[in-house]
Amino acid sequence: MAAKISYTDVEVGTELPAQSFPVDRATLVRYAGASGDFNPIHWNEKFAKEVGLPDVIAHGMFTMAEAIRVVTDWAGDPAAVVEYGVRFTKPVVVPNDDKGAVIEVSGKVAAKLDDEARTVRVDLVAMNEGRKVLGMSRAVVRLA
């Protein structure tokens, strides 16, 4: 695969299509199995509350992975992402109900970095219930 978006067609300020990612308790259990992260704050409500959390919270790396999907879907190739980093600012609380939680992610091209390498920096905003859950969420992406 290769990126489907052309570097020459992208300008600073180009907005990526925003996406919403639902997450429920079953999603967290599946992610725990896949990642090997069985910390009870991600599946045991009683334990999460005993350690001072409002409820079970999503894994930080799960939240980070959902956010970068906005970039990989836009670029058309997961391998186009050459660098990615975030700061975890707020947890995604996942109630045990029929709705769960939703992570809402938007992004835009913040800078064209290197014409020869065809790289851009994409800044992401990840929100849950009106709160930013990731800070300094940035990806460097190599375009076509």
Side-chain angles (χ1 to χ4, degrees), residues 1-7 9-10 12-114 117-144:
M1 284 182 112
K4 295 180 174 144
I5 303 294
S6 171
Y7 179 82
D9 293 340
V10 172
V12 171
T14 298
E15 293 189 18
L16 283 61
Q19 294 188 51
S20 295
F21 303 101
V23 55
D24 59 18
R25 298 280 179 94
T27 304
L28 298 182
V29 171
R30 286 191 300 273
Y31 182 81
S35 69
D37 182 352
F38 293 101
N39 187 324
I41 64 173
H42 303 303
W43 56 270
N44 184 316
E45 184 174 333
K46 181 178 180 285
F47 183 86
K49 288 181 176 179
E50 284 175 355
V51 298
L53 295 168
D55 207 332
V56 164
I57 62 170
H59 302 72
M61 296 301 286
F62 172 82
T63 304
M64 187 178 176
E66 292 292 75
I68 198 65
R69 287 176 55 189
V70 167
V71 176
T72 59
D73 288 354
W74 170 73
D77 180 9
V81 176
V82 296
E83 185 178 319
Y84 178 45
V86 306
R87 290 197 178 137
F88 301 106
T89 57
K90 301 278 185 203
V92 175
V93 177
V94 182
N96 190 21
D97 60 16
D98 294 338
K99 295 184 278 183
V102 177
I103 303 166
E104 298 171 357
V105 184
S106 61
K108 70 177 174 180
V109 175
K112 290 185 99 168
L113 301 175
D114 185 340
R118 302 176 322 276
T119 55
V120 298
R121 188 185 88 217
V122 174
D123 290 353
L124 297 166
V125 176
M127 306 284 290
N128 169 251
E129 303 230 338
R131 300 175 307 145
K132 277 181 83 169
V133 295
L134 299 176
M136 300 293 289
S137 183
R138 296 178 171 171
V140 174
V141 185
R142 180 170 289 116
L143 301 177

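When reading the values below, keep in mind they use all heavy atoms of this one structure, side chains included, and skip hydrogens, waters and symmetry mates. When a residue number appears, it is its place in the shown sequence, counting from 1.
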- Query: ring pair (Phe, Tyr, Trp, His ring centres under 6.0 Å) with F21: which residues, sequence neighbours excluded?
  - Reply: none

- Rounded to the nearest 0.5 angstrom, the NZ-CG distance for K90 and L134 is 12.5 Å

- Item | Nearest-0.5 Å distance that lies between atom CG in N44 and atom CG in D55 | 10.5 Å

- For K99, check side-chain hydrogen bond (donor to acceptor under 3.5 Å, both in side chains) against everything at least two apart and list the hits. none

- Write down the atom of S20, the atom of V102, and the distance for their closest heavy-atom approach. CB-CG1, 3.8 Å

- Item | Nearest heavy atoms of V122 and L16, plus distance in Å | CG1-CD2, 3.9 Å

- Query: Does a side chain donor of either N96 or E45 reach within less than 3.5 Å of an acceptor in the other side chain?
  - Reply: no

- Hits for ring pair (Phe, Tyr, Trp, His ring centres under 6.0 Å) against H59, two or more places apart or cross-chain, chain-then-number order -> Y31, H42

- Note on the structure: Rounded to the nearest 0.5 angstrom, the CD1-OG1 distance for I68 and T63 is 13.5 Å

- Item | Spacing of CG belonging to L124 relative to CE belonging to M64, to within rounding of 0.5 Å | 10.0 Å

- Rounded distance [0.5 Å steps], CD1 in I5 versus CG in L143: 7.5 Å

- Message: Would you compute the distance between atom CG of D37 and atom CH2 of W43 and round it to the nearest 0.5 angstrom?
- Response: 12.0 Å

- Query: Restricting to pairs with a member in residues 72-95, which pass ring pair (Phe, Tyr, Trp, His ring centres under 6.0 Å), not counting sequence neighbours?
  - Reply: none

- Task: Compare all side-chain heavy atoms of Q19 with those of D73 and state whether any distance is below 4.5 angstrom.
- Result: yes

For residues 103-112, which side-chain N or O atoms pair as donor and acceptor with protein atoms under 3.5 Å away, sequence neighbours left out?
residue: K112; atom: NZ; partner: Y7; partner atom: O; Å: 3.0
residue: K112; atom: NZ; partner: V10; partner atom: O; Å: 2.7

- Query: Looking only at atom types and distance, does a side-chain atom of R25 sit under 3.5 Å from a main-chain N or O of V94, one as donor and one as acceptor?
  - Reply: yes

- Task: May I have all residue pairs that pass side chain to side chain donor-acceptor pair (under 3.5 Å) and include part of residues 119-144, sequence neighbours excluded?
- Result: R121-D123

- Item | Minimum side-chain heavy-atom gap F62-V92 below 4.5 Å | no

- Item | Distance-minimising heavy-atom pair for P17 and V70 | O-CG1, 3.6 Å

- Note on the structure: Heavy-atom nearest pair, A144 first then A3, reads CB-O, 3.3 Å

